[in-house]
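Notes for the one structure printed next.
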Amino acid sequence: MADTKRLDRPIVILGAARSGTTILSRVLGQHRDVAHLIEPRMTWRYGNDRKSDMLSPEDATPRIIAHIRQRFGDYVEKSGKPRLVEKTPSNSIRPAFVGRVLPEARYIHIIRNGYDACLATEDFWDKHTTGVRNVAKGRLMQRIKELGPLRVPYYLPEFARRIAPGPMKRLLGPNQWGPRLPGMSAMLRDIGPLAVSCLQWRTCVELSCHFGRGLPVDRYFEMKLEDMSAGLIHKLLAFCELDRDEQVDTFIDETFQIDRVSARRSKASQEKIEQARLWIEPTIEWLGYNA
């Protein structure tokens, strides 16, 4: 590929929503050699706008591969830094598609206890999926730039659901957030946000684990948010073939709060815990969590 030199061992962060992908990408983004790209969701969806986020390797046609790599290569070149780090939670349900686009990528899969992740996701659905004031600064403009005018019509219904007043929401249906599973709109209507959050988490974790554990050990690094520490980040930097950087150490010491990782579970009602258990208990046990 003509752009190979511009994408030197790109680093892809996999992880379900509310599982630590943001803090991890921000930690790595402090490194002097890292070009940190935050959730280029629309770039990844180029050419597959009509589909859910669960794409297969066959969805990565030569035209789509060339477009995505060109965008990422341009970003790296503009940044003046040699290594790309990107995190898009939806990639966790299409890792083989990502592997077709970025065959030279290194993957970091961060996992959070499903009870905490799912309860945090449900809370996010409740508080942040309406209006545009809660959209991260600059994210809306980033999305528009990624799309271009020809792709906008595919996403107008999503935008309409976000800004619609109360009576219209019942007509348009609930807004979607996080990795778009096939049939998610119907699932939201039939089983509700907590159950959908659980299915998102479980699907992200299981597909990413199965994909990553089949790769050579020098291409896949699996970690738990509960184990986050400066020492673990040092091992992660070695895996990524990045030198130690004092800015990385300082950032994690000043920003990461380990006591917040399990805060959702400790404050949740037993009823909520039991509702989540119905959907995620087998995966929780498979991952070695106690609860």
Side-chain angles (χ1 to χ4, degrees), residues 11-31 36 38-39 85 87-92 107-128 134 136 177-179 193-209 212 220-237 239-240 247-277 279-291:
I11 301 162
V12 176
I13 296 175
L14 300 174
R18 315 305 289 172
S19 291
T21 58
T22 296
I23 184 65
L24 180 58
S25 68
R26 291 179 66 201
V27 168
L28 293 178
Q30 303 304 305
H31 197 282
H36 178 205
I38 304 173
E39 296 194 28
V85 168
K87 76 101 177 177
T88 304
S90 298
N91 283 339
S92 300
Y107 298 90
I108 304 166
H109 182 197
I110 185 167
I111 302 169
R112 183 184 186 185
N113 186 301
Y115 291 102
D116 292 301
C118 296
L119 290 166
T121 300
E122 183 199 28
D123 184 64
F124 198 91
W125 281 76
D126 184 50
K127 296 178 180 178
H128 298 278
N134 292 318
W177 183 78
L194 179 57
V196 172
S197 299
C198 291
L199 289 173
Q200 285 176 316
W201 176 83
R202 182 173 177 174
T203 306
C204 287
V205 168
E206 292 185 5
L207 288 179
S208 291
C209 281
Y220 177 73
F221 189 102
E222 191 173 297
M223 60 179 287
K224 290 181 178 177
L225 179 61
E226 294 81 6
D227 297 331
M228 178 89 85
S229 66
L232 183 59
I233 294 300
H234 295 160
K235 293 180 181 178
L236 185 56
L237 291 175
F239 162 79
C240 295
Q247 287 189 138
V248 173
D249 292 342
T250 300
F251 186 83
I252 191 169
D253 288 342
E254 294 180 351
T255 306
F256 182 66
Q257 297 175 298
I258 189 66
D259 58 312
R260 297 183 61 183
V261 173
S262 59
R264 298 285 179 177
R265 201 175 356 145
S266 62
K267 296 177 181 178
S269 67
Q270 192 58 35
E271 180 184 7
K272 287 282 188 183
I273 295 292
E274 290 304 320
Q275 288 176 15
R277 190 188 308 277
W279 300 98
I280 66 173
E281 186 173 43
T283 306
I284 286 285
E285 294 177 353
W286 180 62
L287 292 170
Y289 283 107
N290 293 324

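In what follows, every heavy atom counts, from backbone to side chain, and hydrogens, waters and symmetry copies are set aside. No experiment lies behind these values; they were computed from the predicted model shown.
Among all heavy-atom pairs drawn from Leu194 and Cys118, the shortest one is CD1-O, 4.0 Å. When all heavy atoms of Ile110 and Ser19 are compared, the closest pair comes out as CG1-O, 3.6 Å. Phe239 and Ile108 make their closest contact through CE2-CG1, 4.2 Å (heavy atoms, listed as atom of the first residue, atom of the second, distance). The minimum heavy-atom distance between Ile280 and Cys198, with the atom names listed, is CG2-CB, 3.6 Å. In terms of heavy-atom proximity, Ser90 sits nearest to Pro179 at OG-CA, 3.5 Å. The two atoms that bring Leu199 and Trp279 nearest to each other are CD2-CE3, 3.7 Å, heavy atoms only.
Distance alone, capped at 3.5 Å, places no donor-acceptor pair between the Thr121 side chain and the Ser197 backbone. For the pair Thr203 (side chain) and Gln200 (backbone), a donor-acceptor distance under 3.5 Å is absent. Checking side-chain atoms of Glu39 against main-chain N and O of Pro89 turns up no donor-acceptor pair under 3.5 Å. Using a distance-only test at 3.5 Å, with no hydrogens or angles considered, a donor-acceptor pair links the side chain of Trp201 to the main chain of Arg112.
By the 6.0 Å contact criterion, CD on Glu274 is enclosed, its count of non-hydrogen atoms from other residues, nucleotides or ligands being greater than 12.
In this view, Glu222 and Arg213 satisfy the salt bridge (Lys or Arg N to Asp or Glu O under 4.0 Å) rule, not counting sequence neighbours. Looking at residues two or more places apart in sequence or on another chain, you find a side chain to side chain donor-acceptor pair (under 3.5 Å) between Thr88 and Glu86. Arg202 meets the salt bridge (Lys or Arg N to Asp or Glu O under 4.0 Å) test with Glu206; sequence neighbours excluded. Residues forming a salt bridge (Lys or Arg N to Asp or Glu O under 4.0 Å) with Asp227 (at least two apart in sequence, or on another chain): none. Lys224 pairs by the side chain to side chain donor-acceptor pair (under 3.5 Å) definition with nothing, not counting sequence neighbours.
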Could you go through the side chain to side chain contact (heavy atoms under 4.5 Å, CB included) check for Leu225 and Ile111 one step at a time? CA-CA 6 Å; Leu225 179 61; Ile111 302 169; over 6 Å; no
What verdict does the side chain to side chain contact (heavy atoms under 4.5 Å, CB included) test give for Ile233 and Phe256, after you've listed the backbone C-alpha separation in whole Å, the side-chain angles of each residue and the deciding distance to 0.1 Å? CA-CA 12 Å; Ile233 294 300; Phe256 182 66; over 6 Å; no
Does Ser229 form a side chain to side chain contact (heavy atoms under 4.5 Å, CB included) with Leu232? I'd like the steps, not just the answer. CA-CA 5 Å; Ser229 66; Leu232 183 59; 3.7 Å; yes
Output, in order, the C-alpha distance, side-chain angles, deciding distance and verdict of side chain to side chain contact (heavy atoms under 4.5 Å, CB included) for Asn113 and Glu226. CA-CA 8 Å; Asn113 186 301; Glu226 294 81 6; 3.3 Å; yes
Without placing hydrogens or testing angles, list every side-chain donor-acceptor pair under 3.5 Å for residues 247-254, not counting sequence neighbours.
residue	atom	partner	partner atom	Å
Gln247	NE2	Gln30	O	3.0
Asp249	OD1	His234	NE2	2.8
Thr250	OG1	Glu246	O	3.0

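The structure places OG of Ser25 at 11.5 Å from CD1 of Ile11, a figure rounded to the nearest 0.5 Å. Expressed to the nearest 0.5 Å, how far CD1 of Ile13 lies from CG of Leu24 amounts to 4.0 Å. Going from atom CD of Glu122 over to atom CZ of Arg264 covers 10.0 Å, rounded to the nearest 0.5 Å.
A salt bridge is defined here as a Lys NZ or Arg NE, NH1 or NH2 lying under 4.0 Å from an Asp or Glu carboxylate O, and Asp116 with Arg265 meets this definition.
Between His109 and Cys209 there is a side-chain heavy-atom pair separated by less than 4.5 Å. Within the 4.5 Å cutoff, the side chain of Leu28 has no heavy atoms near those of the His36 side chain.
For an aromatic pair to be called close, the ring centres must be under 6.0 Å apart, and Tyr107 with Tyr220 fails this.
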